[in-house]
Amino acid sequence: MILGYPDYAREQRFEADVVVVGTGAGGAVVGSELAQAGFRVTFVEEGGWHPTQTFSAYTSESVPRLYRDGGGTVILGKPPIPYVEGRCVGGSTVINGGMAYRAPDPILAGWARDTGAEELSSKGLEPYFEQVEARVSARQQRAESVGADNKIMREGSRRMGWNYSENPRNQQECVGSNNCVLGCPTGAKQSTLVTFMPTAMAAGARCLTEVRIDRLIIEGGRCVGVAGHAIDPVRMRRGVAVEVRANAVVIACGAIQTPHLLLKHKLSRQSGQLGRNFLCHPNVKLIGLFPFDVKAWQGVSQVGQVREFHDEGIVLAENFIPPAAMATQLPMIGTKSWEVMQRYNQSIVGGCLVEDSTTGRVRRGPFDMATATYNVTAHDHERFLKGARLLAEMWFAMGAEEVLLPFISLPSIRSADELGRIDPSRIRMSEVELFTPHLMGTARMGGRAEDSVIDVSGELWDLPGCHVADASIFPTAIGVNPQITIMAMAMQIAGRIAEKRGLAAPKAA
Amino acid sequence: MAESVHPAPAVAATPAVAPAAAPVPGDRFVRAQAETLSAGSRRAFRALVPLICPVADGPDFPATIDRVEGYVLGQLVYMNPVIRWAFGPLCRLVDWSPLWRLRGLRPLRMLPPAKATAHLAAMMHSRWALVRNVLYPVKALMLAGYYDQPEVHTAMHYEPVPFIRSRVSFRGRLMAGEAARPDDALMDLPEEVTR
């Protein structure tokens, strides 16, 4: 059963065994597992339920349905970093690119070592990774879904002698319609909207959509529910109060909204870690212009990644974005923007992802808004520039005529001879335009209350009954797309919750 | 508890209807009331659109400025309260930027278009982050609004709707157990690139 705003005129108080706030990679998995184990599960989702058939190639239709704050979210800092979050049933899994990587073994080994919890090692998480990957059909793309832009990346990597890795993606017969960031219109992308959520519903769960939770219900030192307001979809304002009482509460709102909610109650004082350790895999985006048609909108986004420089924390990849989004990235306006956009079919958008070398913080800011801050380091800055040089070099080797750059003082270059201009001595840190879709670390899992927010079962050290199951639990950045790791850890947490209450977690299908 | 009018979704299946800009039957999405601007902010906004978007030289379609305004105000209502509140004043601030940047006494809307656009381009590349950040939300929303228009897509030879429709059909065949056909493959690179 799915409820929406009109339903709350009739009923505002609900009860469940487990309430899960958020329906993305973490929340949907936890709720689905527990519903299948026999728990009465109620999801609370701030966004709406938008099925596959409603997904559109137009940002005017898709962004209001699927994105938090109309896509206008930004991490403050030097420089500021725009980011995106899903705000819909399925969360960010509905709008992500669908890469399905496990966290690398060395990362997990570090987590296990630092927490003293072997279950966080690659061996400990192996059964959960396998279940998740089977459930979301993580596999490489079929040949017919690969477009010319990805062929440029693949052939360019070969020509440069670089390690190119084909991505596993959560997809079932993906045919490369390339509308990932606005919702997969074919149903191929196996987001939680089309996988774990239907399973949860079939197992008796219900989903309260268009409700924003703004506080926990705490009684006798234990979390016994959540409370918030319905959101009037016409006026975008708070409506009636809604609350859900439950024996167990799972917060899975993402690495910015989760700490924002928990900080209201001044939790995790012993470690002071709540909201800290904010990690975000900052990206720079480049646009390559070629003398021939590429039609990057035909064919799946990001078939593979250049992993040659992964040891340095640099990953290069292609990313399709629709015209409305690409136009906002251009270093020009007016007629000059049209001169570039007319060449949309001859363009590739690519990016350089850099693994975090620092951390930021999420706070409750002015007007009670979630405020994230993050300042890149000189080391990050050097890697952004190196990644941009490498990607531009490859594109020029593949025939690019011009590469538009994310640098205020150097908006474009027209040949490989100009690569030397992409240099830290010429480009200041504050003049780099960054972006990120990956947000992590702000309710870190750990082995001790002194240095973490939650224990390895996912429960807050200082608030029994309250669990977290989203990317905010990562102790460190993982350097790869996070959704599979989120799902695997969420599945593990679901098992712990079930065990605590004397029920077994569901077996693998 | 009374039954909700909203049934649970079926397990995912290949959609029968291709996506389009038109509403899909059964879609319960309710669009929010668009944001409004004060008279002065609206005057500044509408003056800035032809400076930031290629209204004069780009694809010609009816009521361009109205359409961009409709997009921007329709998206703005979903943004956080700070952006919603600040957008109108930012438009006025940008319009009067020649004054506070000590470049002149007249607002942009009273300058020759080429000069006004050059001034805005200089703001985009200013070494001062505050100057760039004043312009960025205005520029980004206007350009997004312009380049989301179907007529502009047609002029760019960007045709996502029929392409997606063809891909929905292709996936339907695969899900029914058929093999891919040669014409299901997407474009190759030119020979001179792969040689």
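Small disclaimer: the values here were computed from a predicted structure and weren't measured. Side-chain atoms are counted along with the backbone in the values below, which use heavy atoms only and exclude waters and symmetry mates. Every chain is numbered from 1 and lettered A, B, ... according to where its sequence line falls, protein lines coming before strand lines.
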Exercise for the section: Write down the atom of A:S337, the atom of A:G334, and the distance for their closest heavy-atom approach. Expected result: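 That closest heavy-atom pairing would be OG-O, 2.6 Å.
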Problem - Minimum heavy-atom distance between A:F43 and A:A200, given as atom pair plus value - result: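 Closest pair (atom of A:F43, atom of A:A200, distance): CE1-CB, 3.6 Å.
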Contact winner vs chain B - [options], heavy-atom pairs under 4.5 Å:
| options | answer |
| --- | --- |
| A:K295, A:R159, A:M398 | A:R159 |
| A:V175, A:T73, A:V63 | A:V175 |
| A:P80, A:P322, A:A188, A:G72 | A:A188 |
| A:G156, A:P64, A:A327 | A:P64 |
| A:G70, A:G176, A:P323, A:G299 | A:P323 |
| A:R235, A:Q172, A:R87 | A:Q172 |

Per-residue contact mode, [X] against chain B (heavy atom under 4.5 angstrom):
| X | answer |
| --- | --- |
| A:R158 | neither |
| A:I152 | both |
| A:M369 | side chain |
| A:R343 | neither |
| A:A325 | neither |
| A:E155 | side chain |
| A:P411 | side chain |
| A:V294 | backbone |
| A:S409 | neither |
| A:A143 | neither |
| A:V89 | neither |

Check this for me: does any side-chain nitrogen of one of [X] and [Y] sit under 4.0 Å from a carboxylate oxygen of the other?
| X | Y | result |
| --- | --- | --- |
| A:E339 | A:K336 | no |
| B:D184 | B:R167 | no |
| B:R127 | A:E431 | no |

Quick one, [X] and [Y] - any side-chain contact, counting heavy atoms below 4.5 Å?
| X | Y | answer |
| --- | --- | --- |
| A:R65 | A:W49 | no |
| A:D232 | A:E210 | no |
| B:S38 | B:R92 | yes |
| A:Q329 | A:E433 | no |
| B:T154 | B:P59 | no |
| A:V136 | A:F196 | yes |
| A:S177 | B:V168 | no |

In terms of heavy-atom pairs under 4.5 Å with chain A, which of [options] leads?
| options | value |
| --- | --- |
| B:V30, B:L174, B:L143 | B:L174 |
| B:K139, B:R181, B:E159 | B:E159 |
| B:L141, B:V55, B:N133, B:D57 | B:D57 |
| B:V193, B:D188, B:V152 | B:V193 |
| B:L186, B:D148, B:L189 | B:D148 |

Practice task
Classify the ring geometry between A:W338 and B:Y147 as parallel (under 30°), tilted (30 to 60°) or perpendicular (over 60°).
Solution key: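 Judged by the thresholds at 30° and 60°, the geometry between A:W338 and B:Y147 is parallel.
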Handout entry: Aromatic ring pairing B:Y146/B:F61, orientation class (parallel under 30°, perpendicular over 60°, tilted between)
Key =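 Rings of B:Y146 and B:F61: tilted, as their planes differ by 30° to 60°.
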Exercise for the section: Compute whether any side-chain donor of one residue and acceptor of the other, for A:N179 and A:W297, lie under 3.5 angstrom apart. Expected result: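 Note: A:N179 and A:W297 side chains miss the donor-acceptor criterion.
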Where on [X] is there a heavy atom nearer than 4.5 Å to chain A: the side chain, the backbone, both, or neither?
| X | answer |
| --- | --- |
| B:Y158 | both |
| B:S126 | backbone |
| B:P160 | both |
| B:A129 | neither |

Problem - Part of residues 96-123 of chain B lying next to chain A, heavy-atom separation under 4.5 Å - result: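 The residues closer than 4.5 Å to chain A, in numerical order, are B:T117, B:L120, B:A121.
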Problem - Positions in residues 69-87 of chain B that reach chain A, provided some heavy atom is under 4.5 Å away - result: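 Residues in range: B:Y71, B:Q75, B:V77, B:Y78, B:M79, B:N80, B:P81, B:V82, B:I83, B:R84.
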Practice task
For the pair A:S430 (side chain) and A:P79 (backbone), establish whether a donor and an acceptor sit closer than 3.5 Å, ignoring hydrogens and angles.
Solution key: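 Judged by distance alone, no pair lies under 3.5 Å.
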Problem - SG-CD1 distance between A:C207 and A:I2, expressed to the nearest 0.5 angstrom - result: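 It is 5.5 Å, given to the nearest 0.5 Å.
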Problem - From B:R171 atom CZ to A:E144 atom CD, the distance as rounded to the nearest 0.5 Å - result: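 The distance works out to 14.0 Å.
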Exercise for the section: Quickly, which of A:V94, A:L193, A:T54 forms a side chain to side chain contact (heavy atoms under 4.5 Å, CB included) with A:L66? Name it, please. Expected result: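 Testing each of A:V94, A:L193, A:T54 against A:L66, the sole residue satisfying side chain to side chain contact (heavy atoms under 4.5 Å, CB included) is A:V94.
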Exercise for the section: Could you walk me through whether A:Y58 and B:H153 pass ring-ring contact (aromatic ring centres under 6.0 Å, His included), step by step? Expected result: CA-CA 10 Å; A:Y58 293 92; B:H153 292 176; 5.5 Å; yes
